[in-house]
Structures are given as C-alpha cells and as structure tokens.
Amino acid sequence: MASWLFKSEPDVFSIHDLEKRRREPWNGVRNYQARNWLRDSVQEGDEIFFYHSSCPEPGIYGLMRCSRTGHADASQFDAGSEFYEPAAKLEAPRWFQVEVEFVERWKKPLLLPQLKTCEALKELALVRPGNRLSIMPVSDAEAAVIKGLR
DNA sequence: GCCAACGTTGGC
DNA sequence: GCCAACGTTGGC
C-alpha cells in the first residue's frame with residue numbers, strides 16, 4: 001500500500017465536504033505528472049493525506065483512501081464544465097480521476113510550518129521550493145513520520 | 001494583493 | 001526543438 005498527498009482549496013472542496021459525502025471523485029486534475037500517477041499508480045486502498053492549500057492555514061487536515069483506481073475524468077467531456085477538454089476523445093481520454101473515500105478528519109491539522117521544520121520530511125515534494133504538484137507520492141517512511149507528528 | 005516559481009503554449 | 005511570453009499556483 002502506497003501513500004499520497006492530494007491538495008485541494010478548501011473553498012472548493014474540503015475535508016469537511018468529504019466527511020459529509022463519504023466518497024467523491026477526485027477530478028479536475030490538469031497536470032500531466034499528476035495525471036500519470038492517477039492513471040497508473042494510485043491503487044485501491046492507498047492512503048491519501050488531504051492537504052488544504054490557498055487558505056489561511058495550509059496543512060494536512062485528515063486522511064482519505066482510494067476507493068476506485070484511475071478512470072476517465074468525466075469533466076473533460078462536459079462542454080459546460082470549467083475542466084472541459086475539447087481535444088480529449090472518449091476512446092482516448094486525456095485526463096484521469098480516482099475515487100476517494102473519507103477516513104478521518106484530524107481534530108488538529110498538521111500545518112505547513114510544522115511540516116517544513118521537520119528534518120525527516122525535507123525531501124517531501126510539498127515542502128520543496130516552487131513545488132506546484134497537486135498530487136504527490138509520500139514514501140512509507142514519510143507517511144509514518146507525518147502520522148507520528150500529528 | 002504581491003510575487004516567485006514553474007508548467008504550458010505557440011511562433012519560429 | 002528552442003525559448004520567450006503567458007497563465008497559474010500558492011504561500012505570505
């Protein structure tokens with residue numbers, strides 16, 4: 001079982017939203033590196049840290065789990081969606097989504113400054129300068145450290 | 001709101 | 001295939 005970290009702007013979709021809805025497609029990812037992980041690597045049962053970005057207190061707010069592996073992101077075919085991708089073909093989807101399910105919301109989030117000062121997490125893509133990935137792998141060792149910090 | 005970093009686009 | 005311009009991300 002692998003671990004991942006997914007970012008979302010809480011104004012758009014937060015851990016509270018997922019807690020209410022329990023399961024949700026993780027769609028709208030429009031970055032090729034992230035797409036490749038969604039398509040090829042994220043497996044059912046993988047644990048995923050839920051990170052809130054672009055908000056007053058960025059950080060990890062809880063845990064979710066992959067409940068369905070990569071499949072075509074439906075929003076690419078929806079002309080009314082902000083994620084519409086005219087060049088995508090049904091038989092050759094360009095963008096992928098996974099389904100996630102709620103696991104737990106942390107009473108106390110693990111905020112970015114804590115993550116940044118942790119020596120054992122200095123290789124984590126999240127805290128590397130200029131990182132812009134919305135989806136990134138987390139090693140087993142890093143996942144253990146994150147859970148230990150909480 | 002600012003701005004650094006970086007991915008993407010498009011002209012050549 | 002290079003690379004400048006542009007747009008977006010995301011912390012502060």
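The sequence lines fix the lettering, A, B, ..., with proteins before strands; numbering per chain opens at 1. Note that these values count all heavy atoms, side chains included, but never hydrogens, waters or copies made by symmetry.
- Cluster partners of Met1(A), using a side-chain heavy-atom cutoff of under 4.5 Å among ILVMFWY residues and allowing indirect links: none.
- Listed by first and then second residue, the ring-ring contact (aromatic ring centres under 6.0 Å, His included) pairs involving residues 39-76 of chain A are Trp26(A)-Phe50(A), Phe50(A)-His52(A), His52(A)-Tyr61(A) (not counting sequence neighbours).
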Under the 3.5 Å Watson-Crick or G-U criterion, the dot-bracket string of DNA chain B, with | for inter-strand pairs: ||||||||||||
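- Of the residues in residues 109-133 of chain A, Leu112(A), Lys116(A), Arg132(A), Leu133(A) come within less than 4.0 Å of DNA chain C through at least one heavy atom, sorted by number.
- Remark: Glu123(A) engages Arg128(A), Glu142(A) in a side chain to side chain contact (heavy atoms under 4.5 Å, CB included) (not counting sequence neighbours).
- On the nucleic acid side, DNA chain C has its first and last nucleotide under 4.0 Å of a heavy atom of chain A at dG7(C) to dC12(C), going 5' to 3'.
- With sequence neighbours excluded, no residue forms a side chain to side chain contact (heavy atoms under 4.5 Å, CB included) with Ala74(A).
- When the side chain to side chain contact (heavy atoms under 4.5 Å, CB included) test is applied to Val127(A), the partners found at least two apart in sequence or on another chain are Leu112(A), Leu115(A), Lys116(A), Leu124(A).
- Taking Glu99(A) as the reference, Arg23(A), Ser67(A), Arg68(A) meet the side chain to side chain contact (heavy atoms under 4.5 Å, CB included) condition, with sequence neighbours excluded.
- Among pairs with a residue in residues 73-100 of chain A, those fulfilling ring-ring contact (aromatic ring centres under 6.0 Å, His included) read Tyr32(A)-Trp95(A), at least two apart in sequence or across chains.
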Name each donor-acceptor pair under 3.5 Å that joins a side chain in residues 7-16 of chain A to protein atoms two or more places apart or in another chain, with its distance.
residue: Lys7(A); atom: NZ; partner: Leu133(A); partner atom: O; Å: 3.1
residue: Ser8(A); atom: OG; partner: Phe13(A); partner atom: O; Å: 2.6
residue: Ser14(A); atom: OG; partner: His16(A); partner atom: N; Å: 3.2
residue: Ser14(A); atom: OG; partner: Asp17(A); partner atom: N; Å: 3.2
residue: Ser14(A); atom: OG; partner: Asp17(A); partner atom: OD2; Å: 3.3

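- Here salt bridge (Lys or Arg N to Asp or Glu O under 4.0 Å) pairs that include residues 44-57 of chain A, with residues two or more places apart or in two chains, are Glu47(A)-Lys147(A).
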Leu38(A) and Trp4(A): CA distance, side-chain angles, deciding distance, side-chain contact (heavy atoms from CB on, under 4.5 Å) verdict: CA-CA 11 Å; Leu38(A) 289 176; Trp4(A) 305 87; over 6 Å; no
